[in-house]
Amino acid sequence: MKEKILNALTEAVNELLGSSCDEIKLSLTVPKDNSHGDFSSNAAMIIAKKIGKSPRDTATVIVNSLNEKISNIASCEIAGPGFINFKLSGDAGAQIFLQLFNTGEKIGLSNTGNGKRVNIEYVSANPTGPLSVGHGRNAAVGDVIANLYKAVGYDVTREYYFNDAGNQMTVLANSVRTRYLQLLGVEVELDENAYQGEYIIDIAQAIKNEHSDFLKDTDELNIFKKYAVDAMFDMIKVSLKKMCVEHDVYFNERSLYDDGKIEETLQKIDKLGLSYKKDDAIWFKAMQFGAEKDRVLVKSTGEPTYRLPDIAYHVDKFKRNYDLIVDIFGADHQAQYPDVIACLKAMDLDEKKVKVVIYQFVTIVKDGEAVKMSTRKANYITLDELMDDVGVDATRYFFVMRRLGSHLEFDIELARKHSLDNPVFYVQYAHARISSIFRHCAEKKPDICLDKIDAENINPALLTEQEEIDLISHVAQFKDTISIAAKTCEPHRLTGYLEKIAELFHRYYNLHHVVVDDDEVTKARLALVILTQRVIKNGLEILGVNAPEKM
RNA sequence: GCGCCCAUAGCUCAAUUGGAUAGAGUGCUUGGCUACGGACCAGGAGGUUUGGGGUUCGAAUCCCUAUGGGCGUACCA
């Protein structure tokens, strides 16, 4: 329906301009105020200048030409400064309703991605400790974005990139060894910048249990390192599983060295004339790409910095032939990707395929106060503790409900609450309530079988209440909401949408009964709430949140 | 100093990416259960969108500028 109107509109504008208007983006949106019709376009205001007329005059011309084209579907009129508002006519609304109903369980899903391959890298925490709430936002955002892409027909790969070598691992291994020695009664102090969490002691204890004091005098750090890494990854994977996050690929940075990809990338950069030697180190000419100074790729010790493997890693992703590469980073990583992008571009790779999603930090609010956090010190709330406290549903939901650019205040008390001010429960409650209508209906009117309600035997013309019309009109926007959320990588659009749907439903529920004396009206209304429930269910599924039948 | 992000109701946040009268929740306040689940709903008050300029038919949104915050700014990852 929308397509038809948009086509007609495009055609009308083309006729007026005498040429194609491809480069102009005509919008056809659903206005928030329904007195402005079912659809609205700004076409006249955009092209008014080009043809040298006032917006309203332009609109008049467009409307005249449009009326012939779409007289059977909709009427249009001019409003405000030159908006063209469309009002669907006759049974167009009913047709839309039936169409939506016929899409069945899959409502909202589409295939606009057409099987294109997208790689989404998220979490990517190195195995140095339990996942923090910061990782939690990363995990939830990445996972929901992955689900969104899947919902619009992409072939999605979920990837976790990690590094279990280097300086941080040595610090970790040393921390474990110190704790181990302490357990054996040796008087040693924990180094100042060592990892101080309780979990280090647990690992040390495990080593002691297995090896007794045989490792007391060894200088070999590797055994401590291996123990620590394995233990950390176990912890991390348990947390992620609890959160219903599962990656398809775990990509170890070290493999880039083993496969010679680091060397290969370095040579390529050199060949392009983008690197030089100075003070025994190899530098990347980042200034050519707007950076304030050049960056080191390989230290004078011969060791690469993090930058080089990052570049090699992205080159590898390109080789794996993805149409889209999405990186989910916290704000503390925002400085590192421009170099990578610049380098990819220089290598003649299409850097537009890389989409870097940066989210701002999380503040945990407990008892009305912000909880300060530090990874090295032990005084932080882990993701596990958070999930145990407020539940997985609330955890996931809260992490994605804000725009990524804004800081997220995670209010633990609010997340725990089972009442309307907690948006998760508000939405879930709407879903459960609809199930309860079905239960009630089965009891009251056993003749009406839910499974037998289909487009053939319902009459949408009976849905005339304002609350019903509002609900239908919002349900109709589900698909667009998902595709916009996917395209922009903005999961909060979906939570906002679901809250709106839930609100419209609760209002409807309070004012009108679904199961009434008249069987025909009952069936039409049942169809509407079935549709509503499907929308909520699919929406929650994308968020990775349960849609309960009872609460 | 420089770079990126941010500033919207007392508080936490939206605003279909430049659209029409800036909306929700919370808090304050008034009302609604003989009802498919009151874990709900309806109403009221609350705003110069941090200040100041600019761009245009039209700005919370884009540009400049001032102020205030977050994160970066390593031959750490």
Is there a donor on the side chain of [X] or the base of [N] sitting less than 3.5 Å from an acceptor on the other?
X: A:Arg295; N: B:U73; answer: no
X: A:Ser406; N: B:A7; answer: no
X: A:Asn85; N: B:A20; answer: yes

Who does B:U16 pair with, Watson-Crick or G-U, both distances under 3.5 Å?
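No nucleotide pairs with B:U16.
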Using the [atom1] atom on both, measure [N] against [M] and round to a whole Å.
N: B:U21; M: B:U26; atom1: P; answer: 28 Å
N: B:U8; M: B:G69; atom1: P; answer: 14 Å
N: B:U12; M: B:A59; atom1: C1'; answer: 25 Å
N: B:G32; M: B:G23; atom1: C1'; answer: 24 Å
N: B:A9; M: B:A15; atom1: P; answer: 15 Å

Taking any heavy-atom pair under 4.0 Å as a contact, classify A:Lys550: base, sugar-phosphate, or nothing.
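If one applies the 4.0 Å heavy-atom cut-off, A:Lys550 turns out to touch a base.
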Pairs satisfying salt bridge (Lys or Arg N to Asp or Glu O under 4.0 Å), at least one member in residues 481-495 of chain A, at least two apart:
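Counting only pairs at least two positions apart or across chains, the salt bridge (Lys or Arg N to Asp or Glu O under 4.0 Å) contacts touching residues 481-495 of chain A are A:Glu490-A:Arg493.
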Please determine, for the side chain of A:His513, which listed nucleotide (B:C40, B:A20, B:C36) has the closest atom?
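Closest nucleotide to the A:His513 side chain: B:C36.
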If you find the nucleotide of RNA chain B closest to A:Ala432 and the one closest to A:Gln360, which residue's nucleotide is nearer the 5' end?
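It is A:Gln360 whose nearest nucleotide is closer to the 5' end.
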A:Lys285/A:Asp294 ion pair, N-O < 4.0 Å:
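Judged by the 4.0 Å cut-off on N to carboxylate O distance, A:Lys285 and A:Asp294 do not form a salt bridge.
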Regarding A:Arg507 and A:Glu503, does a basic nitrogen lie under 4.0 Å from an acidic carboxylate oxygen?
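Here A:Arg507 pairs with A:Glu503 in a salt bridge, since their nearest N and O are under 4.0 Å apart.
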Is there a donor-acceptor pair closer than 3.5 Å between any side-chain N or O of A:Asn510 and the backbone N or O of A:His506?
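Judged by distance alone, yes, a pair lies under 3.5 Å.
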Stacking between A:His36 and the base of B:A20 (centre distance under 5.5 Å, interplanar angle under 30°)?
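A:His36 ring centre within cut-off of B:A20 base, planes near parallel; stacks.
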Is A:Phe83 stacked against the base of B:G19, taking the criterion as centroid distance under 5.5 angstrom and interplanar angle under 30°?
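Ring-base stacking flag not set for A:Phe83 and B:G19.
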May I ask you to list the residues of residues 326-338 of chain A, by number, that have any heavy atom positioned under 4.0 Å from an atom of RNA chain B?
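Those residues are A:Ala331, A:Asp332, A:Gln334, A:Ala335.
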